[in-house]
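Comments concern the structure below.
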Amino acid sequence: NTFEVNLKKPVSHLDLIQQHPLCPTFHLGLTGIFSPDNGLRSACLGNVLRLTLDKTLAVGSQLEIDAIDGTDIIPLSHTLAAQCGYSVESDPWGNTKVFASLLGCYVDVVFTLGLRLRMYRDGHSEQVKHVTETCSYSPWASREILCDRNYMEVSLGDLLCSGVKPHGHSRDPCQNGRWPAAVAPNGIWKMTFHTPDPKVMLLTDAQRAGYGAMMTQTRLTYSVEVAGVPMEVFSVSTYYKTGNLIVDSAAACPTGGVVFTDKVITWHVPRRITPLISSAVKILETHMGIYGQRLDKTKMATRHYKMSVMESHIIIEIPVGSPDGYYKSHAQDYAYHITYTVEPMLELLWRAENTQADTRYKVLFPITTPLMPRPPHVIDSTVPEQRVFDILLGTFLHDVELMNITFTTRVLTVAECNARGFDVQEHHFANGSKTFSLRVPFSDELVLKQNPDPLTTVYFLPLVFGLLVLPEQTPFPHPAELEASREDVVLPTITGSCDQENFYFSVKYGSKQDNFQTMMLHAGSWRELDTELAKLYSLTGNGTHFSIVVPFTAPAAAFELVHFKSIRARVDLLLLEMPNMWQLDDLSLACYFPLTTTECYSNGTATALAVKVESVSNLNPEYLTLRDQSCKPAFSNDRFAFFSFKLNSCGTTRTFFDDVMVYKNEIALPYNTGKQSRKGPSAPEYRHTVSCYYLLNHTKTMAFRASPRRTDPVADPGVGHLVVQIRLSQDSSYALFYQNEDYPVEKYLRQPLYFEVELMQSTDPQIEVVLENCWATLHKDRTSLPSWDLIVDSCENLDDLYLTVFHPVVADTRVQVPAHIKRFSINMFTFTKDDAVLKEQIFVHCDAVLCDTTKPDGICSGQCLVSALVLGPRATDASQYKKQISSGPVLLSDSHLF
């Protein structure tokens with residue numbers, strides 16, 4: 001026989017209100033996939049029941065909730081859930097909470113609330129089971145107001161009926177302070193909403209607009225949307241058809257009043273909520289709770305919660321990070337942020353002094369802090385000596401996953417990184433946070449390398465971590481640039497040695513292998529050791545080093561000093577790193593080599609060799625002369641000038657010192673050479689003194705004893721062979737010669753041909769090779785025509801515009817007796833007739849004479865006729881008479897004919 005009124009207003013929509021009877025115990029029937037012990041838990045929180053689905057059920061699944069109303073299944077959309085007191089939320093761990101008001105819709109006559117939970121995973125639905133939960137609800141106050149997540153609810157009890165005024169009648173509509181029993185569930189005529197201006201709607205119009213109102217035996221419930229003001233107020237006057245009854249109801253819920261700092265959340269709730277209070281009130285109870293559950297003073301102190309009742313506000317302080325809330329990750333504008341969420345509850349009980357009516361005011365107020373930037377930090381723990389980048393990225397909340405890493409040339413997933421040999425790990429901590437570690441070896445091709453100086457390597461690793469916030473699948477990047485340096489470059493080195501003929505160099509590669517250039521000081525200027533020089537100096541090598549052999553007469557050798565019997569030569573090598581032009585190593589190797597520069601003969605002749613030394617780098621030996629400037633070199637090139645003269649000629653002087661007779665001459669530049677003058681600023685000073693010493697009186701004594709000879713001595717005749725050969729050298733160094741397989745040899749027009757005639761297999765110093773005559777023919781036959789004389793009576797052909805040049809021979813490791821060898825050169829030519837080339841080849845023939853130097857006679861003054869020889873890399877026997885042998889040909893290269 002009593003009536004109470006319930007008013008509901010959803011935060012986002014105004015919708016349906018369901019009629020239901022009153023019962024001291026509410027039975028909530030639930031349909032779930034598992035029993036409460038297997039991931040489905042429930043808790044009675046006053047007039048709200050909370051159902052929790054464990055993350056093992058909810059993560060990765062799609063949840064749909066249906067309300068069961070008798071035999072009807074009503075899907076609870078977001079709109080309908082807000083209208084009828086249902087809400088769903090998930091925490092970052094994947095736990096899902098379903099909240100249902102015990103005064104909500106679809107409650108049958110025995111207060112049994114049915115829900116069907118459907119879980120979709122991989123497109124398949126699973127069958128559910130039914131469980132029953134019983135919640136006890138304490139006796140209602142005269143007015144109860146509930147501010148929940150998405151709706152506000154007000155309930156009016158019998159005591160408040162005495163304040164209701166009739167509409168159009170003088171009779172009190174309340175019967176003994178109770179609601180009239182004749183009020184039908186559909187007895188609402190119209191509703192006036194105060195917003196604050198009055199807005200009148202018939203019940204049908206209000207329902208079409210999203211409102212709903214029904215009457216139970218004890219309560220009338222309204223639902224209204226709350227829109228963003230600090231204290232949202234809902235006030236409505238409901239007109240009933242029966243008894244012309246008017247009921248004024250109001251609810252007010254806070255939507256703000258929160259102040260945030262980095263450490264504390266402060267929530268202000270007005271102590272006197274004026275839209276709900278019309279007279280003086282007395283606060284009887286004040287409670288704080290979390291997620292609808294009251295906390296006693298001990299638990300509040302343990303969690304450092306504070307609740308203060310001030311003159312105008314009730315203030316609740318909650319530390320940011322308290323265990324009752326949780327942190328959540330966000331990727332706002334691709335930057336990492338976090339928020340902290342907690343749901344405090346404030347419950348008040350006050351009594352109006354004029355009516356003695358009690359009001360229980362309960363607010364469930366979820367609070368989420370603003371986005372707090374938490375930029376991740378990269379901790380670089382790289383130890384360069386270990387040659388591995390070692391970094392730590394963090395910290396993050398548990399709901400962040402590392403998906404991939406972008407390097408300079410590719411993107412790798414975490415699995416691909418580990419498969420490549422990188423070490424990517426995830427580290428978890430007791431507070432629920434995590435970090436990610438990454439180890440990348442310096443040797444990987446994704447690591448960039450640079451050398452700021454010859455010894456140091458700087459390793460760079462620019463990368464971008466690809467991170468993901470779950471379960472929203474929101475991506476965000478975090479770039480990092482790693483750098484480490486170490487002095488780990490092993491430089492290449494040069495070593496060298498000498499023997500009697502050559503320099504020997506070995507270049508050992510460093511850690512960068514052959515990533516450098518080898519430079520040689522060649523003919524006075526630096527030149528790269530290219531393919532041409534590598535062939536010239538017999539380059540050999542392997543994966544660790546290469547070697548070259550440089551003859552001391554080669555252009556790469558610079559002459560420093562000249563002595564009577566030796567010369568000091570030097571070769572300079574330099575290793576450069578390109579393009580920085582860093583000098584990695586260098587070697588300047590100088591050695592002494594045997595070289596006779598002056599020879600004095602007992603027949604009154606002398607030979608002298610002038611050498612172009614480094615100090616007169618612009619000297620042209622061709623212009624050197626003896627004192628008598630008409631005495632020019634018998635042979636010269638860009639490094640040597642060879643003179644042969646009689647000691648009573650060419651301005652030679654003679655002086656006497658005791659028993660010694662000294663002949664002196666001087667090799668120098670004439671005062672005017674036409675092309676090069678002493679007066680010019682670049683004319684070098686060059687003087688080479690030639691001296692020969694002879695004893696005036698030299699007496700040798702010897703003892704002997706004679707014995708009569710019984711018979712006259714008879715010499716046994718001996719028979720033997722002297723072998724003489726002529727060879728064509730590849731250049732003026734006479735170090736390399738053409739072999740049989742190289743013929744025919746191609747030469748350009750006027751290109752020098754260097755010949756060497758050698759007496760083989762003899763060490764007799766009294767034998768000298770003399771070239772009596774040499775000539776060239778068009779055909780192999782040495783007597784064929786046409787022919788051209790090259791050497792006539794052991795001298796050059798004066799009728800030839802290009803004279804034959806004789807080259808000096810000095811002793812070295814190959815040449816034991818210089819008199820056994822004669823060297824000369826001619827310029828390549830061909831025979832013509834009427835300005836037409838007859839044939840582009842020549843054969844060269846020579847008559848060689850072996851002379852006994854102890855018996856100068858005729859041509860052996862010295863030369864005497866013994867044998868003949870022709871050009872070619874073959875040997876011939878020498879006899880007492882001439883032998884006629886020919887070889888060749890030497891071809892004229894077509895590209896240089898003119």
Side-chain angles (χ1 to χ4, degrees), residues 43-48 50 89 91-93 97 99 138 141 144-149 152 226 229-232 251-277 280-328 337-351 358-374 397 430-433:
C44 297
L45 306 175
N47 54 357
V48 176
R50 183 181 66 203
E89 69 173 20
D91 64 18
W93 291 268
K97 298 182 180 65
F99 296 89
S138 59
E144 294 203 0
I145 299 174
L146 173 63
C147 297
D148 208 340
R149 296 163 187 81
M152 59 176 63
V226 175
V229 292
M231 176 65 73
E232 186 170 341
C253 293
T255 58
V258 181
V259 177
F260 300 98
T261 66
D262 292 339
K263 296 183 178 180
V264 178
I265 298 172
T266 305
W267 179 31
H268 299 76
V269 179
R271 179 176 178 180
R272 178 180 177 85
I273 304 174
T274 54
L276 306 178
I277 299 174
V281 297
K282 180 180 182 181
I283 296 179
L284 305 178
E285 297 179 9
T286 304
H287 303 282
M288 177 195 172
I290 294 292
Y291 292 106
Q293 185 73 44
R294 291 181 182 178
L295 297 178
D296 56 28
K297 293 182 178 181
T298 302
K299 291 182 179 180
M300 289 177 60
T302 302
R303 291 167 169 79
H304 304 286
Y305 297 155
K306 295 180 181 179
M307 182 174 64
S308 305
V309 180
M310 310 301 290
E311 180 178 357
S312 58
H313 292 86
I314 298 174
I315 301 174
I316 293 179
E317 296 182 9
I318 301 174
V320 175
S322 66
D324 292 316
Y326 60 84
Y327 285 101
K328 179 73 180 74
H337 297 75
I338 64 171
T339 57
Y340 175 75
T341 299
V342 67
E343 186 176 303
M345 179 195 74
L346 176 63
E347 186 175 347
L348 303 176
L349 179 64
W350 69 72
R351 177 171 296 167
D358 294 339
T359 298
R360 185 174 299 278
Y361 184 76
K362 185 175 183 181
V363 182
L364 304 178
F365 197 74
I367 298 175
T368 298
T369 64
L371 291 174
M372 296 179 286
R374 289 294 186 270
L397 298 180
N431 62 357
S433 63

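Only this structure's heavy atoms are used, side chains among them; waters, hydrogens and symmetry mates stay out.
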Side chains of [X] and [Y]: does their closest heavy-atom pair fall under 4.5 Å?
{"X": "Ile314", "Y": "Met307", "value": "yes"}
{"X": "Tyr327", "Y": "Ser433", "value": "no"}
{"X": "Val363", "Y": "Cys253", "value": "no"}

Could you grab the distance from atom [atom1] of [X] to atom [atom2] of [Y], nearest 0.5 Å is fine?
{"X": "Tyr361", "Y": "Leu276", "atom1": "OH", "atom2": "CG", "value": "6.5 Å"}
{"X": "Lys328", "Y": "Thr369", "atom1": "NZ", "atom2": "OG1", "value": "12.5 Å"}
{"X": "Thr359", "Y": "Leu348", "atom1": "OG1", "atom2": "CG", "value": "10.5 Å"}
{"X": "Leu349", "Y": "Arg360", "atom1": "CG", "atom2": "CZ", "value": "4.5 Å"}
{"X": "Leu346", "Y": "Leu364", "atom1": "CG", "atom2": "CG", "value": "10.0 Å"}
{"X": "Leu397", "Y": "Thr339", "atom1": "CG", "atom2": "OG1", "value": "8.5 Å"}

Side chain to side chain donor-acceptor pair (under 3.5 Å) contacts touching residues 308-319 (sequence neighbours left out): none

Ile316 vs Phe365, side-chain contact (heavy atoms from CB on, under 4.5 Å): CA-CA, chis, key distance, verdict: CA-CA 12 Å; Ile316 293 179; Phe365 197 74; over 6 Å; no

Minimal non-hydrogen separation, [X] against [Y], with atom names:
{"X": "Ala252", "Y": "Cys147", "value": "O-SG, 3.6 Å"}
{"X": "Arg303", "Y": "Pro323", "value": "CG-CG, 4.5 Å"}
{"X": "Pro344", "Y": "Ile318", "value": "CB-CD1, 3.6 Å"}
{"X": "Ala251", "Y": "Met152", "value": "CB-SD, 3.6 Å"}

Glu144 and Lys362 ion-paired at < 4.0 Å: no

Evaluation steps, side-chain contact (heavy atoms from CB on, under 4.5 Å), between Tyr305 and Ser322: CA-CA 9 Å; Tyr305 297 155; Ser322 66; 3.2 Å; yes

Donor-acceptor contacts under 3.5 Å from residues 259-272 side chains, at least two apart:
| residue | atom | partner | partner atom | Å |
| --- | --- | --- | --- | --- |
| Thr261 | OG1 | Lys263 | N | 3.4 |
| Thr261 | OG1 | Val264 | N | 3.0 |
| Thr261 | OG1 | Val264 | O | 3.1 |
| His268 | ND1 | Gly257 | O | 3.3 |
| Arg271 | NH1 | Met310 | O | 3.1 |

Side chains of Tyr340 and Thr368, donor plus acceptor under 3.5 Å: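 No.
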
For residues 286-295, tabulate all N or O donor-acceptor pairs below 3.5 Å that involve a side-chain atom, not counting sequence neighbours.
| residue | atom | partner | partner atom | Å |
| --- | --- | --- | --- | --- |
| His287 | NE2 | Glu285 | OE1 | 3.0 |
| Arg294 | NE | Glu347 | OE1 | 3.0 |
| Arg294 | NH2 | Glu347 | OE1 | 3.4 |
| Arg294 | NH2 | Glu347 | OE2 | 2.7 |

